[in-house]
Amino acid sequence: MNLLRWVLIKNLKSHAGEEVEIRGWLYNQRSSGKVRFLILRDGTGLVQCVLTKEEAPGLFDLAGEITQESSLKLTGTVREEPRAPMGVELSVTGIELISRAEPYPITLKDHGVDFLADRRHLWIRSPRQAAILRIRSTVEQACRDFLNSRDFVLADAPIITPNACEGTSTLFEINYHDSRAYLSQSGQLYNEATAMALGRVYCFGPTFRAEKSKTRRHLMEFWMLEAEAAFLDYEDNIKLQEDLVYHLVQTVLERHRDDLRLLKRDISKLEAVSLPFPRLSYTEAVSLLNEKGHSFQWGDDFGAPDETVISESYSSPVFVHRFPAKIKAFYMEPDPKNPEVILGADLIAPEGYGEIIGGSQRISDLSLLERKIKEHNLPVDQFQWYLDLRRFGSVPHSGFGLGIERTVAWICGIEHVRESIPFPRTLYRMHP
RNA sequence: UCCUCGAUAGCUCAACGGUAGAGCAACCGGCUGUUAACCGGUAGGUUGCAGGUUCGAAUCCUGCUCGAGGAGCCA
């Protein structure tokens, strides 16, 4: 397929003075009697196309019939135009209407959340939503590029699982040919197995949580990048995570200036992110909270408001490490200096976006892991395969999981994670 | 599951016990440079559903449905 027959709107600048064809949808049009302005979008950007009645009366009248979101091919001469936001305009020489749209429900005026969510399949056409989805694509690509460049192998984890991975969160149950199965909440345990096979691995796919969480940070179905590496210790793991997150921010800053501006993102807040990220032990975080007048007991887990208070003290994401073992997952390695806490850390995004990474060194000792499984009241027989990883050449290893939607929401500076995925699944909504 | 808020024209909202209204969208007309263009006109309603109070209910009360924000839970 020859894609050079028409030009993408984002590339129009390099065709100044040429006659080109563009293909897309009508975003809006304005007219003032003898001049008509068509704003065309093609997924890569918006461009204003100009027609005058004097020069082309036939085209001028045809253009007036074109409704919002009609699809069309336009030919015209690319002209540098300082008045245009894009810097270029198209002087129209030809119009081919492909399909005239019915009256389009999503006008250029304000709409409510419910109205837009019911029409998510159309809402994603709006410039703001398209910008977010382009940035999401880049974030996902940058995750893969980063890990591939560090010799990680993509090893996909199953989505259908026979039991809870961590035993903590609520799972969606499915009927697996008359036996019970669940949608995966994490690929982590499988990652540990593939890491023992391949050394450094990651999986990247959807994960499912059935908790009835109803906040701007929660989805029922969200995407998680999970990495796991043999011989990686707690400290190596932290360094890997901060390098990754820094890389994501820099990549978006490099490639998406225009999109960030369209989103009205305060770019200086992203530019302020720097290495190394601050590190705060759980115990220090508790003190910080108490200093700031938030009463908090050592041993409790942080709530969303606590995370926000912690994040507000830093301009980069902040690691909170060495949580009490009893509020974290069973597989996390105890700190040899204080077995009450674990060798793991959560990475909390700035500006109150919440936890974007959870990671830890994993227990490599067979008998300790067996004991922890029993302490957490998990079915030991279901975990025999997982315990095998400690029976046959166990090594210290570490890993983490990064939530894509929260990361994208933070980088884009948007209010709610539902806009950071094409079709969000929230507590009371799974259509369209 | 709990707390708070909301539901009126296609959309965003107003009217808060006394004739249901505006802006935008749609439709008709006007205007050479507009940036959510603007100007004039037309049409558009079982006020979420079911009861109740009242001479009279969009408005007050009760229940329900749907949704939003938050808490808990979780990432």
Side-chain angles (χ1 to χ4, degrees), chain A residues 27-39 46-55 60 64-65 67-69 79 81-86 89 91 101-119 122-123 126-128 164-171 184-188 206-226 300-308 327-329 346-349 352-359 400-407 409-410 415-418 420 426-429 431:
Chain A
Y27 177 65
N28 190 22
Q29 71 162 303
R30 287 180 282 270
S31 161
S32 51
K34 293 179 181 166
V35 185
R36 214 186 278 287
F37 304 97
L38 304 182
I39 318 280
L46 293 169
V47 66
Q48 177 160 279
C49 309
V50 188
L51 290 146
T52 64
K53 192 167 195 169
E54 202 175 66
E55 286 168 19
F60 186 88
E65 302 292 310
T67 51
Q68 187 188 357
E69 287 303 318
R79 190 163 40 75
E81 171 55 69
R83 283 172 292 187
M86 285 263 311
E89 273 185 359
S91 298
E102 293 176 22
Y104 191 64
I106 303 181
T107 64
L108 272 50
K109 301 292 175 181
D110 290 333
H111 298 283
V113 174
D114 190 42
F115 179 83
L116 290 170
D118 280 343
R119 293 158 184 79
L122 302 176
W123 185 20
S126 67
R128 205 183 139 74
C165 282
E166 302 180 10
T168 51
S169 52
T170 318
L171 306 183
S184 176
Q185 58 168 326
S186 165
Q188 130 123 48
T207 52
F208 306 88
R209 305 285 167 94
E211 279 102 9
K212 295 195 186 297
S213 298
K214 187 169 157 44
T215 80
R216 69 185 68 188
R217 298 176 307 282
H218 289 89
L219 297 170
M220 301 299 104
E221 175 183 303
F222 69 99
W223 284 65
M224 192 151 64
L225 174 78
E226 293 180 277
D300 288 345
D301 204 355
F302 299 127
D306 305 314
E307 288 179 347
T308 301
I327 58 169
K328 285 293 177 183
D346 288 353
L347 185 65
I348 299 173
Y353 282 92
E355 181 188 341
I356 53 173
I357 289 184
F400 64 89
L402 174 139
I404 292 299
E405 287 76 17
R406 285 187 184 178
T407 303
W410 160 53
E415 273 297 298
H416 198 300
V417 289
R418 66 178 159 229
S420 65
T426 54
L427 183 53
Y428 294 122
R429 195 186 289 279
H431 293 285

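Sequence lines set the chain letters: A, B, ... in the order given, protein chains first and strands last, and positions in each chain run from 1.
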Next item on the list: Decide side chain to side chain contact (heavy atoms under 4.5 Å, CB included) for A:T426 and A:L219; before the verdict, give the C-alpha distance in whole Å, the side-chain angles of both, and the deciding distance to 0.1 Å.
Entry: CA-CA 5 Å; A:T426 54; A:L219 297 170; 3.8 Å; yes

Item checked: Intermediate values then yes/no, side chain to side chain contact (heavy atoms under 4.5 Å, CB included), A:S186 and A:M224 -> CA-CA 8 Å; A:S186 165; A:M224 192 151 64; 4.2 Å; yes

Next item on the list: Walk me through it: do A:S91 and A:R79 pass the test side chain to side chain donor-acceptor pair (under 3.5 Å)?
Entry: CA-CA 7 Å; A:S91 298; A:R79 190 163 40 75; 3.0 Å; yes

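Only the C1' atoms considered, B:G48 is 15 Å distant from B:A9, to the nearest whole Å. B:U8 and B:C3: their P atoms are spaced 24 Å apart (whole Å). B:G6 and B:C13 have their P atoms separated by 13 Å, given to the nearest Å. On the P atoms, B:C11 is 35 Å away from B:U32, given to the nearest whole Å. For the C1' atom pair drawn from B:U46 and B:A7, the interatomic distance equals 15 Å after rounding to whole Å. Between B:G10 and B:U1, the two P atoms lie 33 Å apart (nearest whole Å). Between B:G69 and B:G17, the two P atoms lie 31 Å apart (nearest whole Å). Between the P atoms of B:G67 and B:G72, the separation comes to 23 Å (whole Å).
Comparing atom distances between the A:K212 side chain and each of B:G33, B:U1, B:A75 picks out B:U1 as nearest. The A:P305 side chain lies nearest to B:A71 when the options are B:G33, B:A68, B:A71. Nearest nucleotide to the side chain of A:S32, out of B:G33, B:A25, B:A71: B:G33. Residue A:E81 has its side chain nearest to B:G33 when only B:G33, B:U32, B:A71 are considered. Among the nucleotides B:G33, B:A71, B:C74, the one closest to the side chain of A:R217 is B:A71. Among the nucleotides B:A71, B:C24, B:A75, the one closest to the side chain of A:T215 is B:A71. For A:L108, taking side-chain heavy atoms from C-beta onward, the closest of the listed nucleotides B:A75, B:U12, B:A36 is B:A36. Relative to the side chain of A:H111, the nucleotides B:C73, B:U32, B:C11 differ in distance, and B:C11 lies closest. With B:C11, B:U34, B:A75 as the choices, the nucleotide that has an atom nearest any side-chain atom of A:R406 turns out to be B:A75.
Across all strands shown, A:Y104 has no heavy atoms under 4.0 Å from either base or sugar-phosphate atoms. Here A:R119 lies out of heavy-atom contact (under 4.0 Å) with every strand. Among the heavy atoms of the strands, none lies under 4.0 Å from A:R36. In this structure, A:G112 reaches the sugar-phosphate backbone alone: every heavy-atom distance under 4.0 Å involves primed, P, OP1 or OP2 atoms, never a base. Residue contacts for A:F37: at a heavy-atom cut-off of 4.0 Å it reaches a base atom on one of the strands shown. Within 4.0 Å (heavy atoms only), A:E54 reaches at least one base atom of the nucleic acid. Using a 4.0 Å heavy-atom criterion, one finds that A:H218 contacts the bases of the nucleic acid, with or without backbone contacts as well. Residue A:Q48 is classed as a base contact, given a heavy-atom separation below 4.0 Å to a base. A:D110 comes within contact range of at least one nucleobase, with a heavy-atom separation under 4.0 Å. Nucleic acid contact class of A:S31 (heavy atoms, under 4.0 Å, all strands): base. Across all strands shown, A:K214 has heavy atoms under 4.0 Å from base atoms, whether or not it also approaches the sugar-phosphate. Residue contacts shown for A:Q29 are absent, as no nucleic acid heavy atom lies under 4.0 Å away.
Comparing A:E221 and A:R418 by the nucleotide of RNA chain B whose heavy atom lies nearest to each, the residue mapping closer to the 5' end is A:R418. The 5' end of RNA chain B is approached more closely, in terms of each residue's nearest nucleotide, by A:T52 than by the other of A:F302 and A:T52.
Considering only heavy atoms from C-beta on, A:I106 stays 4.5 Å or farther from A:S126 through its side chain.
Relative to the six-membered ring of A:Y353, A:R406 misses at least one condition, a distance below 6.0 Å or an angle of at most 45° to the axis.
Pairing partner, B:U65: B:A7, with both Watson-Crick or wobble hydrogen-bond distances short of 3.5 Å. Across all strands shown, B:G44 forms no Watson-Crick or G-U wobble pair with both distances under 3.5 Å. Nucleotide B:C38 forms a pair with B:G30, judged by Watson-Crick or G-U wobble geometry with both contacts under 3.5 Å. B:C74 is unpaired under the criterion used here, namely a Watson-Crick or G-U wobble arrangement in which both key atom distances are under 3.5 Å. Across the strands present, B:G56 finds no partner; the criterion is a Watson-Crick or G-U wobble pair with both atom distances under 3.5 angstrom. Across every strand in view, B:A20 sits unpaired, with no contact that passes the Watson-Crick or G-U test at under 3.5 angstrom.
Nucleotide B:C2 holds its P atom 13 Å from the CG atom of A:L427, rounded to whole Å. Rounded to whole angstrom, the span from the CD atom of A:E307 across to the P atom of B:G72 amounts to 10 Å. One interatomic measurement links the two molecules: CG of A:N28 to C1' of B:C11, which rounds to 15 Å at whole-angstrom precision. Between the CD atom of A:Q185 and the C1' atom of B:C73 there is a distance of 13 Å, given to the nearest Å. Atom CG in A:L38 sits roughly 16 Å away from atom P in B:G33 (whole-Å rounding).
Under 3.5 Å, the side chain of A:E415 and the base of B:G69 form no donor-acceptor pair of N or O atoms. Side-chain to base pairing of A:S213 with B:C73: one donor and one acceptor N or O lie within less than 3.5 Å of each other.
A close approach under 4.0 Å does occur between a side-chain nitrogen or oxygen of A:H416 and OP1 or OP2 of B:G69. Between B:A36 and A:R30, no contact under 4.0 Å exists linking OP1 or OP2 to a side-chain N or O.
With respect to the salt-bridge test (charged N to carboxylate O, under 4.0 angstrom), the residues A:D301 and A:K328 do not qualify. Residues A:E211 and A:R209 are not paired through a salt bridge, judged by the lack of any N-O separation under 4.0 Å between the basic side chain and the carboxylate.
For B:G67, the base is not stacked against the aromatic ring of A:Y428, per a cut-off of 5.5 Å between centres and 30° between planes.
When only modelled atom types and interatomic distance are considered, A:H111 and A:T107 share a side-chain donor-acceptor pair under 3.5 Å. Between the side chains of A:E226 and A:Q188, no donor-acceptor pair of N or O atoms lies under 3.5 Å.
At distances below 3.5 Å, not a single donor-acceptor pair connects side-chain atoms of A:R36 with backbone N or O atoms of A:L51.
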